Amino acid sequence: MFSFLKKSAPDAQPEAAAAAAPSWRERLFQGLARTRAQWGGKLKSIFSRGKVDDELLEELETLLLTSDVGIEATTHLLDELKKAAKRDRLETPEAIQQALSDALYAILAPLEQALDVSTHKPYVIMIAGVNGAGKTTSIGKLAKYFQSQGKSVLLAAGDTFRAAAREQLQTWGERNNVTVIAQESGDPAAVIFDAISAAKARGIDVVLADTAGRLPTQLHLMDEIAKVRRVIQKIEPDGPHETLLVLDANIGQNALQQVKAFDKAINVTGLVVTKLDGTAKGGVVAAIARQCPKPIRFIGVGEQIDDLRPFSARDFVDALFDQ
Ligand SMILES: Nc1nc2c(ncn2[C@@H]2O[C@H](COP(=O)(O)OP(=O)(O)OP(=O)(O)O)[C@@H](O)[C@H]2O)c(=O)[nH]1
Ligand SMILES: [Mg+2]
């Protein structure tokens with residue numbers, strides 16, 4: 001049993017949710033092992049000085065910057081630590097770590113905004129991102145997640161670019177026992193339009209629309225996805241109700257440029273951060289929080305269907321610091 005399981009959050013959740021919580025916390029904890037290994041060992045030696053002096057601040061700054069926390073979040077965290085040191089006389093390694101962990105939690109907490117899909121029916125979610133970020137896999141996982149919340153789901157195979165994309169989504173559809181709307185045509189907007197019509201006719205709660213991977217530098221493809229969004233609005237004037245940008249955590253600081261570029265093209269309303277299990281760059285979420293804040297709706301910590309859940313700042317910080 002992991003130590004963190006014993007010390008679960010004091011603001012206990014309702015019992016039903018708590019029963020399911022440990023396995024996710026366990027997966028999250030395992031998923032962040034690489035980031036923690038990078039930070040944990042070094043933090044311990046930095047904090048072992050037992051006082052917040054210039055040398056500690058310098059070493060901590062280097063560690064945060066090399067962990068993809070980014071310059072703005074790093075400066076902010078160091079300032080908060082200095083303030084806490086003055087105010088609370090931090091004199092033990094544990095107290096210093098606690099102060100840093102509190103400051104990081106304060107940065108991340110505003111990004112924790114659960115997605116409420118009950119405001120529209122169907123609730124249309126468009127998923128975008130660069131090639132291989134984890135869009136289609138995340139849709140498969142989200143289909144299961146929303147079904148577990150009692151919602152009916154329909155998938156739209158809007159990646160008409162890559163040959164195997166439709167089959168990949170269809171496999172996720174079968175696994176979840178949900179309908180996938182696909183077409184032979186090469187027009188993503190038409191497929192998604194059709195899917196929304198079908199969802200309306202069938203009284204479906206949530207439409208998850210896949211799109212092809214694209215780089216922010218491929219301007220014609222950025223125009224294309226902006227058009228997909230406009231076509232959705234023809235059938236759903238308030239839609240898409242959520243535009244999710246999927247970010248592979250491995251890209252580190254490049255995430256900032258991706259958020260800005262996709263936001264400009266399609267008005268990103270939320271993020272999915274994937275592959276946190278395969279990287280030591282988990283600190284990038286702090287950079288996002290300070291430099292281009294968008295709600296982190298979900299995080300992915302593995303390839304399995306249950307390896308994606310709503311973002312919890314508390315759980316995330318606890319898993320990073322092993323507390
Ligand atoms: N380890 C790990 N792998 C993931 C995660 N999410 C997705 N993957 C893997 O990343 C690879 C790419 O995932 P896809 O879902 O196909 O990515 P995509 O964004 O749809 O890719 P394109 O459609 O080609 O742009 C697959 O091998 C997934 O299993 C995650 O959270 N952790
Ligand atoms: Mg895909």
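Read the numbers this way: they start at 1 and go in the same order the structure lists the ligands and their atoms. The structure displayed is predicted, hence computed values, not measured ones.
- Summarising the contacts of atom 29 (O) of ligand 1 with Glu303, Gln304, Arg214, the nearest heavy atom is found in Glu303.
- Residue-level proximity to ligand 1 for Asp159 is carried by the side chain, the only part with a heavy atom below 4.0 angstrom.
- Between the side chains of Asp205 and Ser152, at least one donor N or O sits under 3.5 Å from an acceptor N or O.
- The closest approach between a heavy atom of Val301 and any atom of ligand 1 is below 4.0 Å.
- If you check which protein heavy atom lies closest to atom 18 (P) of ligand 1, you get Lys135 N, 3.4 Å.
- Proximity of the aromatic rings of Phe316 and Phe311 is defined here by a centroid distance below 6.0 angstrom, and this criterion is met.
- The closest protein non-hydrogen atom to atom 32 (N) of ligand 1 is Asp277 OD1, 2.8 Å.
- What sits closest to atom 22 (P) of ligand 1 on the protein, heavy atoms only, is Gly132 N, 3.5 Å.
- Listed by number with element, the atoms of ligand 1 under 4.0 angstrom from any heavy atom of Gly213 are 25 (O).
- What sits closest to atom 24 (O) of ligand 1 on the protein, heavy atoms only, is Arg162 NE, 3.1 Å.
- For Asn177, the CG atom sits in a loose shell: 12 or fewer heavy atoms of surrounding residues, nucleotides or ligands are nearer than 6.0 Å.
- Checking side-chain atoms of Gln233 against main-chain N and O of Gly239 turns up a donor-acceptor pair under 3.5 Å.
- At a 4.0 Å heavy-atom cut-off, ligand 1 touches Thr137 through backbone and side chain alike.
- Atoms of ligand 1 lying under 4.0 Å from any heavy atom of Gly300, numbered from 1 in the order shown and given with element: 31 (O).
- Between Val246 and ligand 1 there is no heavy-atom distance shorter than 4.0 Å.
- Protein heavy atom nearest atom 6 (N) of ligand 1, with residue, atom name and distance: Lys141 NZ, 3.8 Å.
- The number of heavy atoms from other shown groups lying within 6.0 Å of CD (Gln304) does not exceed 12.
- Listed for the Thr274 side chain is a donor-acceptor partner under 3.5 Å among the backbone atoms of Ala133.
- Ranking the protein heavy atoms by distance from atom 16 (O) of ligand 1 puts Gln168 NE2, 3.0 Å first.
- Both tests pass for Arg175 against the ring of Trp172: distance under 6.0 Å to the centre and angle within 45° of the axis.
- In this structure, Ala133 counts as a contact residue of ligand 1, since one of its heavy atoms falls inside 4.0 Å of the ligand.
- For the atom pair CZ of Arg25 and CZ of Arg314, the computed distance is 9.0 Å after rounding to the nearest 0.5 Å.
- Considering Ala249, Gly302, Gly129 only, the shortest heavy-atom separation from atom 30 (C) of ligand 1 involves Gly302.
- Around the CG atom of Asp54, the shell of radius 6.0 Å holds no more than 12 heavy atoms that belong to other residues, nucleotides or ligands.
- Looking only at protein heavy atoms, the nearest one to atom 17 (O) of ligand 1 is Gly134 N, 3.1 Å.
- Among the atoms of Thr137, none of the N, O or S atoms falls under 2.8 Å from the Mg ion (ligand 2).
- Annotation: cation-pi geometry not satisfied between Arg214 and Phe262 (NZ/CZ under 6.0 angstrom from ring centroid, within 45° of ring axis).
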- Task: Quick one: do Asp277 and Gln30 satisfy side-chain hydrogen bond (donor to acceptor under 3.5 Å, both in side chains)? Show the steps, please.
- Result: CA-CA 7 Å; Asp277 52 306; Gln30 285 168 339; over 6 Å; no
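- Shortest contact from atom 5 (C) of ligand 1 to any protein heavy atom: Lys275 CG, 3.5 Å.
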